Protein chains: 2
Amino acid sequence: MGMMKGAAALPLNAILDGDCVERMNALPANSIDLIFADPPYNLQLRGDLHRPDNSKVDAVDDAWDQFDSLKIYDAFTRDWLAAARRLLKPNGAIWVIGSYHNVFRLGAELQNQGFWILNDVVWRKSNPMPNFRGKRFTNAHETLIWASKGEGAKYTFNYEALKALNEGIQMRSDWMIPLCTGHERLKDEAGDKAHPTQKPMALLHRVLLGTTNPGDVVLDPFFGTGTTGAVAKMLGREFIGIEREESYRRIAEKRLAKVRKFDRSALEVTTSRRAEPRVAFGVLVERGMLRPGEQLVSARGATAKVRADGTLVGHDVKGSIHQVGAAIEGAPSCNGWTYWHFMRDGQPVPIDVLRQQIRAEMREG
Amino acid sequence: MGMMKGAAALPLNAILDGDCVERMNALPANSIDLIFADPPYNLQLRGDLHRPDNSKVDAVDDAWDQFDSLKIYDAFTRDWLAAARRLLKPNGAIWVIGSYHNVFRLGAELQNQGFWILNDVVWRKSNPMPNFRGKRFTNAHETLIWASKGEGAKYTFNYEALKALNEGIQMRSDWMIPLCTGHERLKDEAGDKAHPTQKPMALLHRVLLGTTNPGDVVLDPFFGTGTTGAVAKMLGREFIGIEREESYRRIAEKRLAKVRKFDRSALEVTTSRRAEPRVAFGVLVERGMLRPGEQLVSARGATAKVRADGTLVGHDVKGSIHQVGAAIEGAPSCNGWTYWHFMRDGQPVPIDVLRQQIRAEMREG
DNA sequence: GGGCTCAGTGAATCGCAGT
DNA sequence: AACTGCGATTCACTGAGCC
């Protein structure tokens, strides 16, 4: 991209100051694995708005003021999202978080720029602030949007790890997590909360564990007091933070210095079979675990015979273990490893057991 | 409002056919108390989807949900929202419902037109369809947006009624309600579902009870099989439905003829009775109550290490707290919550103590 | 009738490595 | 870049049928 050598080096595990759009534009394109962004929505722009002709606002519909501040907010959103998009690797992803004040602008602009929404996720607060005046529903949630760089783009999703985190049931799009309070809530010198919207680490834990791998680079353009960086460090991910307020940067630096990374073994996470090395069925025959001519059976009584090249012959079909299984069942597809069984001591045993033996040997060897 | 007599007569408790924008424009301005709209979501489904058992998912592939581009969808949204806005009384309100495919377009356009968002509300589904391929989070919710006609406009909110409905606690912005299934789900002559996206009456019950008064006029421009009308009639509100598809209108007419005012029998069946889900061990890790890498011990001296995804690693075993406990004891099952202890001040403490802390938080929240 | 099993289903943007 | 073929993947609930 016409970038000088050296400029391509990412400032890992650092907090950059200044404007996030300028800072992002100075970093190399296609270099970031994940962006987590908690943009401000209360821009306090209203007082700065001036109508070009100084005319009076029509009192019938108070929407003018709102409309212009929306336009400014949209321009702000467009700029930082475009800068973020440029930084993302083709297989990277982005998370944004917002409330009903701004999340519809965020989601619409993500789609406008070609991001592909994967899920919207609801952070349900177990301890929200009540609605004191009793005029609305208790505002008990915020919304996160998770998006890949475009339709068809790959992305990281640690399905099994999240399923394990949720007691063996696949993780839903609504997450119950308490507000950041107590010892986790950072205080300034006066003992007041250091940042008005500090996010709980539990939220970032789930985001980073689920959608990044150890060693990935995570960028947060609205770093605040550094929750994204703290959790990234604990989980063995690299981070880059951008924050324009000096006081937040100072608190974040202090906080991050104290964070310890978890043991490497603790960061190893439950993986799916998809990540395991592939084993060809023919290898079982080659190694003598199954004999050519041996009969395999399905749970429902179908049979097929093993051939020397690792294909099967059923009644009127031949092909791979998967093809023959699918043909017999009249199904669009079939996992032959779990469908077919061989007989040992009069009992049917899934051939997947033999694959697992080979995989165990591969790990040791 | 300079309206001719006669033109002002609303077609109450009727289903109008044809295009909803034309129909709305033919009704008198400032005449409707509440609009509930469930517009097409513009799902962009590519191929077929099969369950792991190879059965095919019955997708929403109806022509009425197809739009050629986001731009065309936005124009559609702009048109019907403008027509809806014209109809609303100054103190009226609107509800729209959508999923991540379209709700950001809806919310942004509501704001563009000057509507004032009062809350976004999450319909949490107690029984959503799982994510069969394990590629994303289970899409377990939809989003409703509740908005008044503009900043400062009055609106109806029956705070105490909703509080009573919620066992004396302020109603939150996240509602757990099951899908519309069983006898409530309308069937066509062939016995198939009459409408692909019929909403549960419990959802409309909460909306109409909370944000209208008896005698109010409720308009639904995407009436479908008439859930809005049915609940309005039960609750003593007037309704106007607009529906393009003749088959849906016919079914709705039949359904509405059977509905009795204040007949709540169906609602009581469909209100969710499921308790809060169990606490996952992984949540203790996420929340920092236990640290990845930390060692747990059993009363008989066995040890295991906590991983970041809420699984344990023992000597030669990994899995859930229950699985690892059972493997170590050689038992068929094991209650990990009482089996495992963490060390505090040199003393072993059962991890169940931490679970009880989280349950207490959830009860309070 | 009660209790059990089994089959069915719900707004879904649902591969990927190797060649 | 397009093509080929392996082979991974589900939760809560309802209702019918059977004993």
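Heavy-atom basis, side chains included; hydrogens, waters and symmetry copies ignored. Just so it is clear: chains get the letters A, B, ... in the order the sequence lines come, proteins before strands, and each one is counted from 1. Predicted model, so just to flag it, every value in this text is computed and none were measured.
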task = Rounded to whole angstrom, note down the C1' distance from dT13(C) over to dC13(D).
result = 26 Å
ask   = Going by atom types alone, do Trp340(A) and Ser298(A) pair a side-chain donor with an acceptor below 3.5 Å?
value = no
Tyr73(B) side chain to Asn102(B) side chain, donor-acceptor N/O pair below 3.5 angstrom = yes
query = Could you state the CG-C1' distance from Leu312(A) to dG7(D), rounded to the nearest angstrom?
reply = 14 Å
inquiry  = Is any side-chain heavy atom of Trp116(A) closer than 4.5 Å to one of Glu151(A)?
reply    = yes
key: Partner of Phe281(A) by side-chain contact (heavy atoms from CB on, under 4.5 Å), out of Thr311(A), Leu290(A), Leu354(A)   = Leu290(A)
ask   = Strictly by modelled atom types, are Asn131(B) and Thr138(B) linked by a side-chain donor-acceptor pair under 3.5 Å?
value = no
message = I want to confirm an ordering. Mapping Ala280(A) and Lys163(A) to their closest nucleotides on DNA chain D, which one lands closer to the 5' end?
response = Ala280(A)
request  = Return the value, rounded to whole Å, for the distance between atom CZ of Phe281(A) and atom C1' of dG5(D).
outcome  = 16 Å
task = Between dT9(D) and dA17(C), how far apart are the P atoms? Round to whole Å, please.
result = 14 Å
query = Mind checking whether Phe222(B) and Trp80(B) have parallel, tilted or perpendicular rings, split at 30° and 60°?
reply = perpendicular
request  = Write down the distance separating the P atoms in dC14(C) and dG7(D), rounded off to the nearest Å.
outcome  = 23 Å
task = Look at the side-chain N and O atoms of Arg273(A) and state whether any lies under 4.0 Å from the OP1 or OP2 oxygen of dA8(D).
result = yes
query = Contact class for Thr338(A) vs. all strands (heavy atom < 4.0 Å): base, sugar-phosphate, or nothing?
reply = nothing
request  = For Lys199(B), answer base if it contacts any base atom (sugar-phosphate contacts may also be present), sugar-phosphate if it contacts only those atoms, and nothing otherwise; contact means non-hydrogen atoms under 4.0 Å.
outcome  = base
ask   = Starting at the 5' end of DNA chain C and moving along, which residue's nearest nucleotide shows up first, Asn127(B) or Asn139(B)?
value = Asn127(B)
Value in whole Å for how far the P atom of dA8(D) lies from CD of Glu160(A) = 12 Å
task = Scan Ser320(A) against the nucleic acid and name what it touches under 4.0 Å (heavy atoms): base, sugar-phosphate only, or nothing.
result = sugar-phosphate
inquiry  = Taking the minimum atom-to-atom distance to the side chain of Tyr41(B), which one of dA8(D), dA11(C), dT10(D) wins?
reply    = dA11(C)
inquiry  = Apply the syn/anti split at 90° from 0 to dT14(D) and say which one it is.
reply    = anti
inquiry  = Strictly below 4.0 Å: does His183(B) bring a side-chain N or O up to OP1 or OP2 of dG15(D)?
reply    = yes
key: Nucleotide dA11(C), atom P - distance to CG of Asp38(B) in whole Å   = 11 Å
task = May I ask you to evaluate whether Gln323(A) reaches the phosphate of dC6(D), defined as a side-chain N or O under 4.0 Å from OP1 or OP2?
result = yes
ask   = Will you find, in the side chains of His322(A) and Ser320(A), an N or O donor that is under 3.5 Å from an N or O acceptor?
value = no
Nearest listed nucleotide, side chain of Lys125(B), among dT14(D), dA8(D), dA11(C) = dA11(C)
inquiry  = Closest approach to the side chain of Tyr100(B), judged atom by atom: which nucleotide of dC6(D), dG10(C), dT13(C) is it?
reply    = dT13(C)
message = Once you apply a heavy-atom cut-off of 4.0 Å, does Val279(A) come out as touching a base, just sugar-phosphate, or nothing?
response = sugar-phosphate
key: Which nucleotide in dC6(D), dA8(D), dT9(C) has an atom nearest any side-chain atom of His322(A)   = dC6(D)
Exercise: do Asn119(A) and Arg172(A) side chains pair donor with acceptor under 3.5 Å = no
task = Any chance you could list the contact pattern along nucleotides 14-19 of chain C? Use B for base contacts, S for sugar-phosphate-only contacts and - for none, protein heavy atoms under 4.0 Å, 5' to 3'.
result = BSSS--
note = Taking Watson-Crick and G-U wobble contacts under 3.5 angstrom, with | marking pairs to another strand and [ ] crossing pairs, the secondary structure of DNA chain C is written .|||||||||....|||||
query = For the pair made of CD1 in Ile321(A) and P in dG5(D), what is the distance, rounded to whole Å?
reply = 15 Å
ask   = Nearest-Å distance, CZ (Arg172(A)) to C1' (dT10(D))?
value = 14 Å
key: Span that lies between the P atom of dG15(D) and that of dG1(C), in whole angstrom   = 16 Å
ask   = Within less than 4.0 Å of OP1 or OP2 of dT10(D), is there a side-chain N or O belonging to Tyr159(A)?
value = yes
ask   = Is the NZ or CZ atom of Arg206(B) positioned over Trp175(B)'s six-membered ring, under 6.0 angstrom from the centre and within 45° of the axis?
value = yes
key: Which nucleotide in dT10(D), dA12(C), dA8(D) has an atom nearest any side-chain atom of Asp53(B)   = dT10(D)
query = Roughly how many Å is it from CZ in Arg185(B) to P in dG8(C), rounded to a whole number?
reply = 18 Å
Residues Asp58(B), Lys193(B): salt bridge by 4.0 Å N-O rule = yes
query = Under 4.0 Å between a side-chain N or O of Asn335(A) and OP1 or OP2 of dC6(D)?
reply = no
request  = Examine the side chains of Tyr100(A) and Trp146(B) and answer whether a donor and an acceptor come within less than 3.5 Å of each other.
outcome  = no
ask   = So what does Pro332(A) touch, heavy atoms closer than 4.0 Å: a base, only the sugar-phosphate, or nothing?
value = nothing
ask   = Under 30°, 30 to 60°, or over 60°: which ring-plane class applies to Trp64(B) and Tyr248(B), parallel, tilted or perpendicular?
value = perpendicular
ask   = So, does the side chain of Ser333(A) form a donor-acceptor pair with the base of dA8(D) at under 3.5 Å?
value = yes
query = Using atom C1' of each nucleotide, how far apart are dG15(C) and dC11(D) to the nearest Å?
reply = 22 Å
message = Rounding to an integer number of Å, can you tell me how far Gln111(A) CD sits from dT13(C) P?
response = 13 Å
